[in-house]
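Okay, structure first, notes after.
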Amino acid sequence: MRCASSSDRLDSSFVRNYFRLDEDLTVVLASIMKDDVEREAIQKFYGLKLVRQERWECLASFVLATNSNIPRIRAMVEKVSSVFGEPLEFEGLPYHSFPSPEAIRRAKASKLRSCGLGYRARFLRQVAEAVDDGSIDFDSVYSMGYEDARRALTSKIYGEKVLLGVGPKVADCALLFSGGKDEAFPIDVWVARAIARFYPALMGRSLRKKLGSSAQKKLTAPEYSKLSKSMRDYFGANAGYAQQYLYMLSRNR
DNA sequence: AAACAGGCTGACA
DNA sequence: TGTCAGCCTGTT
């Protein structure tokens, strides 16, 4: 395989790991083709894959993504990178790396805030501190099983959250995209809508009604746990893949 | 121009 | 344990 990058570290074995070229996608897809909905989604978005993202960058990005939207998330990540990241060059063009936890930790509050992060600035800094000082250790957390790892990401020590800004949805995203937990099934508003529409039986009547009519369309913590568990039970070990295809289906209709 | 956007925290029942 | 308001900010 041939590839080009700005760094020697990003060689072909990195690319192989990042894009999961070691896995047989057809086998994975066969395991989640449990109904016509997934069949249609897989046909429509055939080739869509999970990738193995860098762990700190992934968690930090999803902390920033809270209560926001894709264009804005992109703007926040790019701004933070250009202000606090290392300058890079690739094929003559300038780029910036995503900043290290240390860089975010050292950042002046007002400067961090001026990246347009809003109240997420505080969360990003606290997560950076926890990663930098070892309060949270990715190696140890991601070596646990799914349930324990999710508990670890959202846990409290002496009543204080270890990772402020990391709730159930953010934790599931980190576990799926950078923690090697393929059974994680993150539920954002799009996925919740898709479940209500295509899998009403898995959702339950009251929640379905709420998403349909009520102005309050955000899942409560208990609703989230219950729903994500039933989706994991239904799709099994590769539920995260099912979620990705369902998400795409939900957004393209 | 009020609502909404790829939720979470802190306070309270 | 489960609810609920409030929250930065950009966009529609």
Side-chain angles (χ1 to χ4, degrees), chain A residues 41 45 48 50-51 53 57-80 83 104 107 109-130 136 150-178 184-198 204 206-207 209-229 231 239-253:
Chain A
F45 304 103
L48 175 68
L50 290 169
V51 295
Q53 298 179 230
E57 177 174 348
C58 179
L59 180 59
S61 300
F62 281 107
V63 166
L64 295 183
T66 296
N67 201 23
S68 189
N69 50 59
I70 294 174
R72 191 176 166 210
I73 296 163
R74 179 176 296 125
M76 287 189 284
V77 170
E78 281 175 3
K79 182 73 175 170
V80 164
V83 174
I104 296 298
S110 57
K111 200 172 175 186
L112 196 55
R113 197 63 189 263
S114 72
C115 292
L117 311 184
Y119 58 82
R120 302 163 194 81
R122 173 172 150 256
F123 299 157
L124 180 64
R125 180 192 299 282
Q126 295 208 30
V127 172
E129 284 172 0
I136 186 80
R150 195 193 50 181
R151 231 186 315 280
L153 286 182
T154 57
S155 69
K156 295 180 180 179
I157 295 181
Y158 304 122
E160 304 264 315
K161 279 208 73 171
V162 177
L163 299 174
L164 212 54
V166 179
K169 191 267 179 181
V170 172
D172 273 335
C173 287
L175 289 164
L176 179 61
F177 299 121
S178 65
F185 195 95
I187 303 175
D188 57 35
V189 297
W190 294 97
V191 172
R193 283 175 196 146
I195 298 171
R197 176 165 181 182
F198 301 119
S206 59
L207 182 52
K209 192 170 177 186
K210 168 173 163 177
L211 293 181
S213 56
S214 159
Q216 175 57 267
K217 295 185 190 299
K218 294 174 178 179
L219 302 193
T220 65
E223 286 164 349
Y224 185 99
S225 337
K226 194 176 168 192
L227 186 53
S228 81
K229 173 157 177 43
M231 299 314 286
Y241 257 107
Q243 187 269 10
Q244 286 296 282
Y245 280 86
L246 196 55
Y247 170 76
M248 289 301 290
L249 194 62
S250 183
R251 293 215 57 155
N252 293 75
R253 270 201 180 244

Check your understanding: Any chance CZ of Arg74(A) has more than 12 other-residue heavy atoms, nucleotides or ligands included, within less than 6.0 Å?
Key -> no
Rounded to the nearest 0.5 Å, the CD atom of Glu129(A) sits from the CG atom of Leu124(A) at a distance of 10.0 Å
Between CZ of Phe185(A) and P of dG6(B) the distance, given in whole Å, is 17 Å
>> At 4.0 Å (heavy atoms only), tell me whether Tyr224(A) reaches a base, stays on the sugar-phosphate, or touches nothing.
In response: nothing
When rounded to whole Å, the CG to C1' distance for the pair Leu124(A) and dT9(B) reads 16 Å
- Any side-chain heavy atom of Leu48(A) within less than 4.5 Å of one from Tyr247(A)? no
When rounded to whole Å, the CG to C1' distance for the pair Asp188(A) and dC8(B) reads 15 Å
Contact string for nucleotides 7-12 of chain C, one letter per nucleotide 5' to 3', B = base within protein heavy-atom range under 4.0 Å, S = sugar-phosphate only, - = neither, reads BBB---
When rounded to whole Å, the CD to C1' distance for the pair Gln126(A) and dC8(B) reads 13 Å
Ile187(A) atom CD1 is separated from dG6(B) atom P, nearest whole Å, by 16 Å
query: For dG6(B), does either OP1 or OP2 sit under 4.0 Å from a side-chain N or O belonging to Arg74(A)?
result: no
Taking Watson-Crick and G-U wobble contacts under 3.5 angstrom, with | marking pairs to another strand and [ ] crossing pairs, the secondary structure of DNA chain B is written .||||.|||||||
Does the Ser61(A) side chain pair with the main chain of Glu57(A), one donor and one acceptor, at a distance under 3.5 Å? yes
The correct set of residues in residues 157-177 of chain A placing a heavy atom under 4.0 Å from DNA chain C is none
Quiz item: Which whole number of Å gives the distance between the P atom of dA1(B) and that of dC8(C)?
Solution: 23 Å
Solution key, residues 109-119 of chain A side-chain donor-acceptor pairs under 3.5 Å, sequence neighbours excluded:
residue, atom, partner, partner atom, Å
Arg113(A), NE, Gly118(A), O, 3.0
Ser114(A), OG, Lys111(A), O, 2.7
Tyr119(A), OH, Asn67(A), ND2, 3.3

Interatomic distance, CD@Gln244(A) vs CG@Leu176(A), rounded to 0.5 Å, equals 6.0 Å
Below 3.5 Å, can you tabulate the donor-acceptor pairs from side chains in residues 187-194 of chain A to any protein atom, sequence neighbours excluded?
residue, atom, partner, partner atom, Å
Asp188(A), OD1, Trp190(A), N, 2.9
Asp188(A), OD1, Val191(A), N, 2.8

- Message: Using the C1' atom as the point on both nucleotides, what is the distance between dT3(C) and dG6(B), in whole Å?
- Response: 23 Å
Rounded to whole Å, the NZ-P distance (Lys210(A) to dG2(C)) equals 13 Å
dist Thr66(A):OG1 -> Phe123(A):CZ (nearest 0.5 Å) comes out at 7.5 Å
From CZ of Arg193(A) across to C1' of dG7(B) the rounded distance in Å is 14 Å
Met76(A) CE to dG6(B) C1', in whole Å, measures 10 Å
Taken to the nearest 0.5 Å, the spacing of Ser228(A) OG from Ile195(A) CD1 works out to 9.0 Å
Interatomic distance, CG@Leu64(A) vs NZ@Lys79(A), rounded to 0.5 Å, equals 14.0 Å
Smallest heavy-atom separation, Leu163(A) atom then Leu153(A) atom, equals CD1-O, 3.5 Å
For Phe62(A), the side chain to side chain contact (heavy atoms under 4.5 Å, CB included) test, sequence neighbours excluded, returns Cys58(A), Ala65(A), Lys169(A), Val170(A), Cys173(A), Phe177(A)
